[in-house]
Every structure is written in structure tokens, then in C-alpha cells.
Amino acid sequence: MKPQPFRIHDQRVVKAFVEARRSHTADEPRLKLAWSNWGFGTEELSASAARLEANGVEHIELHGNLYSPDMGYRPDEVLRILGDHGVSVSGVCGMVTPNQEFAHLHPHVRQRAVDYFRRQVEFTAAVGGTYLLFGAGSVGRPVPFDSYELQRAADTIRLVADDFAAAGIRGAVEPIRPEECSVVHTFDEALDLLARVDHPAVQHINGDLYHMLSGELHIGATLLDHGHRMINLHLADSNRRALGRGLLDLDVVMMALYAIGYQRGDHYASAEPLGAGGNPYAAMNLPPDTDRLDELVAVTATTWREREEEILSASDEELFGLYQITE
């Protein structure tokens, strides 16, 4: 029976993983699991850090909440709280909204984005983060103004690229599904944007499994082909819920990551299960449902580690049989 196209891509990923695994050493590191905390809403950072510690999550991607010089996290306090719970900052999730975005038609809106990201760059460096991610356009504005958004975004991003470089922070653009954002929906489009920015400090991609389900032909194949440009991958199942609660083949994702050596260096996989629905972003400014968040973290972290152990311990024959590889 002829396999379906997605299965052919699956098989390519499995073969690449098996080949890469043959060169793994006894002390090979595991993938770095983190959590993107803006989905925790207005919860105190100490409560979020305690939840991550309880579930063995050692890295956090912080909400870029410095919306003005007088608002948001304070570095000394952040480092003290996280240090108390054995959690370190992987990076910062920059929030791009209709009133502050790189691709906007109006210059004063783009200037607000420039000012906002300069604050986030300084903060990211102060708390020991290694990357700052952003969308090229606003989440919540899916209809483009015109056909020049990509170039406007590149020109505006370049205005803050020197700030990234001076702080030693890696800039990463996140492709976002077209239902939520007007520009840069795929890895290929992100690479086009980064080529237009043409600055060494902003040359990376922040992947997102949920958006990749919409934009990419096959998640695993995209990671094999372009994962070397990625420094963080947002995690959620096919329904944007906790890992293991949907139809995502997490094994293929993990095998693709190991195949490209993603487990080495400053590369992260940050859980971001925002829940189903058209606008999960409203929860960012609401008090959290702590029971739901406790379950999200526990289920996701447990599923991640179980599936990682399964793929690393499975024999070549088991993997080939499961994915119908005959050679």
C-alpha cells in the first residue's frame, strides 16, 4: 500500500533521527524544556516559578511586559524569585499589538514598537535571557494594509537590530498563522524577512507548533530543513491544549529536533498551550485559573519527558516498524 504524503515526510525524519542518534555520546544532553509564562495571566511570578519547579521545568520564557518605563518586571526582583526556585530565563516573548508593530502603515505606531523592543532588549540582557522573539506584524490584525508590509517590517526591525547586538541578545521572528497576523506565516517567509533585515543580531526564527500546523507542509520536514535557524520552539498540541491532549505526533517533532542537534547549545522548547478559541490572548490580562494551569504544566511536562524517553530508548527496528519503513 502506497503511504500518504505526510507519512513519507515522517519516514524521512525517522531516518535522519536514527542516523544522528548513532553519533550520540553517553552524556548527550536532553532537549531544554521551558515555559512561556504570559499565558499565566496576571499571576505573581513567584507562584509561576513554584509551579515550574514542582514539575521540573528549569527554564522560563518571560512575558515581555515592559509596556512603559513604569510597568513590568524589575530585573533584580525577577532574578531573586527565579533563583529561589532554580529557574533560569531562556528568553523573552515580545508582544506585538495593533498599536505597536513593525509592519504598521503609520510611522508613530512603528515607533512605539521600536521603543517597546528597546526596553525588552535591555531587560532580557539584565535577567540573563539569550533571545527576544517577536512577530513581524500584530497578533489580532489579520488583514494586511497593503503589499509593502514585509519590507516595512524589515526596515523597522533594522532600527533596533543594533540594540540587540549591543546587548548580546538574539532576535527571532515568529511565523504566525494568517488567521491571527497579516504577514510572515511560514518559515520560508520568515527567512525572506530576515534576509531583508540583513543584520547578524536578528537572524533567527522562533517556531510555534500550532502555527506550523497551519503554515507548513510538514512540521518535521520543516525542522530538518530550517531548524538550524531556530532558537526556540513554542509547544502546544494540535488543539492548542497541553501536549498529549490532541493529535500532534510529538515523537516526529522530537526526532526532528534531535536529528539537527537542537539539544546542544542555547536552544529551547517552550510550552505555550493557550487553549482553543479564536482569541486566547485575552487571558494575558486576567487573573489565572490556578487549577487549570497546574494541570497544563503537569500534563505537558510529563508528556514531553515520556515521549522523549520513548524515542531515545526505542530500537531502530521499533521505529522503522512503527513508521512503516521497509529498508
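Position 1 is the first residue of the sequence; numbering continues from there. In this text the structure is predicted, and so the values were computed from the model without any measurement.
- Within 6.0 Å of the CD atom in Glu179, the count of heavy atoms belonging to other residues, nucleotides or ligands exceeds 12.
- Contact detail for Leu233 and Val253: the closest heavy-atom pair is CD2-CG1, 4.0 Å.
- Taking the six-membered ring where the residue is Trp, His104 and His106 present tilted rings, their angle falling between 30° and 60°.
- Screening Val299, Leu250, Val57 against Trp304 for a side chain to side chain contact (heavy atoms under 4.5 Å, CB included) leaves a single residue, Leu250.
- With Thr303 contributing its side chain and Thr300 its backbone, the two residues share no donor-acceptor pair below 3.5 Å.
- Ionic pairing of Asp192 and Arg196 is present here: one or more N-O contacts between side-chain nitrogen and carboxylate oxygen are shorter than 4.0 angstrom.
- Closest approach of Pro288 and Glu43 over heavy atoms only: CG-CB, 3.5 Å.
- Between the side chains of Asp70 and Ser68, no donor-acceptor pair of N or O atoms lies under 3.5 Å.
- For the pair Arg21 and Asp316, the minimum side-chain heavy-atom distance is below 4.5 Å.
- One distance of note links CZ of Arg112 with CG of Asn99; it measures 5.5 Å at 0.5 Å rounding.
- Nearest approach of Leu66 to Tyr116, heavy atoms of both residues: O-CD1, 3.6 Å.
- A distance of 9.0 Å separates CG of Leu82 from CG of Asp84, quoted to the nearest 0.5 Å.
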Inset, instruction - Start with the C-alpha gap between Glu295 and Arg245, add the side-chain angles, then the distance that decides, and say whether salt bridge (charged side-chain N to carboxylate O under 4.0 Å, His left out) holds. - result: CA-CA 11 Å; Glu295 181 184 15; Arg245 293 291 196 251; 3.7 Å; yes
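- For Arg177 and Glu189, the salt-bridge test fails: no basic side-chain N is under 4.0 Å from an acidic carboxylate O.
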Inset, instruction - Take Arg80 and Leu45 through the side chain to side chain contact (heavy atoms under 4.5 Å, CB included) test and state the conclusion after the steps. - result: CA-CA 11 Å; Arg80 176 183 58 77; Leu45 184 59; over 6 Å; no
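- By the side-chain contact (heavy atoms from CB on, under 4.5 Å) test, His204 is found to be paired with Arg170, Ala172, Ile231, residues two or more places apart in sequence or in another chain being considered.
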Inset, instruction - Would you sort out whether Glu61 and Asn37 count as a side-chain hydrogen bond (donor to acceptor under 3.5 Å, both in side chains), showing the intermediate values? - result: CA-CA 6 Å; Glu61 178 184 277; Asn37 81 320; over 6 Å; no
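- Among residue pairs with one or both ends in residues 217-274, those qualifying as ring pair (Phe, Tyr, Trp, His ring centres under 6.0 Å) are His9-His218, His24-Tyr258, His59-Tyr268, Tyr262-His267; sequence neighbours excluded.
- Heavy atoms only, all atoms of each residue included: Ile205 and Pro175 are closest at CG2-CD, 3.9 Å.
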Inset, instruction - Assess whether side chain to side chain contact (heavy atoms under 4.5 Å, CB included) is satisfied between Ile157 and Leu193, documenting all intermediate values. - result: CA-CA 10 Å; Ile157 292 167; Leu193 174 69; 4.0 Å; yes
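- No side-chain N or O of Thr186 forms a donor-acceptor pair with one of Asp188 less than 3.5 Å apart.
- Salt bridge annotation for Asp155-Arg158: present, with a cationic side-chain nitrogen under 4.0 angstrom from a carboxylate oxygen.
- Within a 6.0 Å sphere centred on CG of Asp76, heavy atoms belonging to other residues, nucleotides or ligands number 12 at most.
- Looking only at side-chain heavy atoms (C-beta outward), Met255 and Leu319 come within less than 4.5 Å of each other.
- Donor-acceptor pairing under 3.5 Å is recorded for the side chains of Ser182 and Glu149.
- Interatomic distance, CG of Leu133 versus CG of Asp208, reported as 9.5 Å (0.5 Å rounding).
- Note on Asp266 versus Lys32: no salt bridge recorded, every NZ/NE/NH1/NH2 to OD/OE distance being 4.0 Å or above.
- One N or O on the side chain of Asp237 and one on the backbone of Gly244 form a donor-acceptor pair closer than 3.5 Å.
- Under the 4.5 Å side-chain criterion, counting only non-hydrogen atoms from C-beta, Leu286 is not in contact with Thr42.
- Taking a cutoff of 4.0 Å between a charged side-chain nitrogen and a carboxylate oxygen, Arg7 and Asp10 qualify as a salt bridge.
- Taking hydrophobic clusters as Ile, Leu, Val, Met, Phe, Trp and Tyr residues chained together by side-chain heavy-atom distances below 4.5 Å, Leu312 shares a cluster with Val13.
- Between Leu31 and Met254, the closest side-chain pair of non-hydrogen atoms falls below 4.5 Å.
- Taking 4.0 Å as the cut-off between side-chain N and carboxylate O, Arg12 and Asp225 count as a salt-bridged pair.
- Put simply, the side chain of Val78 reaches to within 4.5 Å of the side chain of Leu62, judged on heavy atoms.
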Inset, instruction - Show the numbers, then the answer: is there a side chain to side chain contact (heavy atoms under 4.5 Å, CB included) between Glu180 and His211? - result: CA-CA 10 Å; Glu180 297 181 36; His211 297 309; 3.7 Å; yes
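- In this structure, Phe102 has its ring center closer than 6.0 angstrom to the ring center of Phe117.
- At least one cation-pi condition fails for Arg119 and Tyr67: the charged atom is not both under 6.0 angstrom from the six-membered ring centre and inside a 45 degree cone around its axis.
- Between Gly64 and Met95 the shortest heavy-atom distance is O-CG, 4.0 Å.
- Leu235 and Trp35 fall within a single hydrophobic cluster, where Ile, Leu, Val, Met, Phe, Trp and Tyr are joined by side-chain heavy atoms under 4.5 Å apart, directly or via other members.
- Taking 4.5 Å as the limit, every side-chain heavy atom of Val87 sits out of range of all side-chain heavy atoms of Glu58.
- By the 4.5 Å heavy-atom criterion applied to side chains, Phe6 and Leu217 are not counted as neighbours.
- Salt-bridge formation is detected for the pair Arg141/Glu101: a Lys NZ or Arg NE/NH1/NH2 atom is positioned less than 4.0 Å from an Asp or Glu carboxylate oxygen.
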Inset, instruction - Check the pair Leu191, Arg229 against side chain to side chain contact (heavy atoms under 4.5 Å, CB included), reporting the backbone distance first and the verdict last. - result: CA-CA 9 Å; Leu191 291 171; Arg229 299 290 294 274; 3.4 Å; yes
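- Salt-bridge check for Glu309 with Arg30: passed, with a basic side-chain N closer than 4.0 Å to an acidic carboxylate O.
- Salt bridge annotation for Arg264-Glu28: present, with a cationic side-chain nitrogen under 4.0 angstrom from a carboxylate oxygen.
- Between Ile169 and Thr130 the shortest side-chain heavy-atom distance does not fall below 4.5 Å.
- Considering every non-hydrogen atom in both Gly220 and Val252, the closest pair reads CA-CG1, 4.1 Å.
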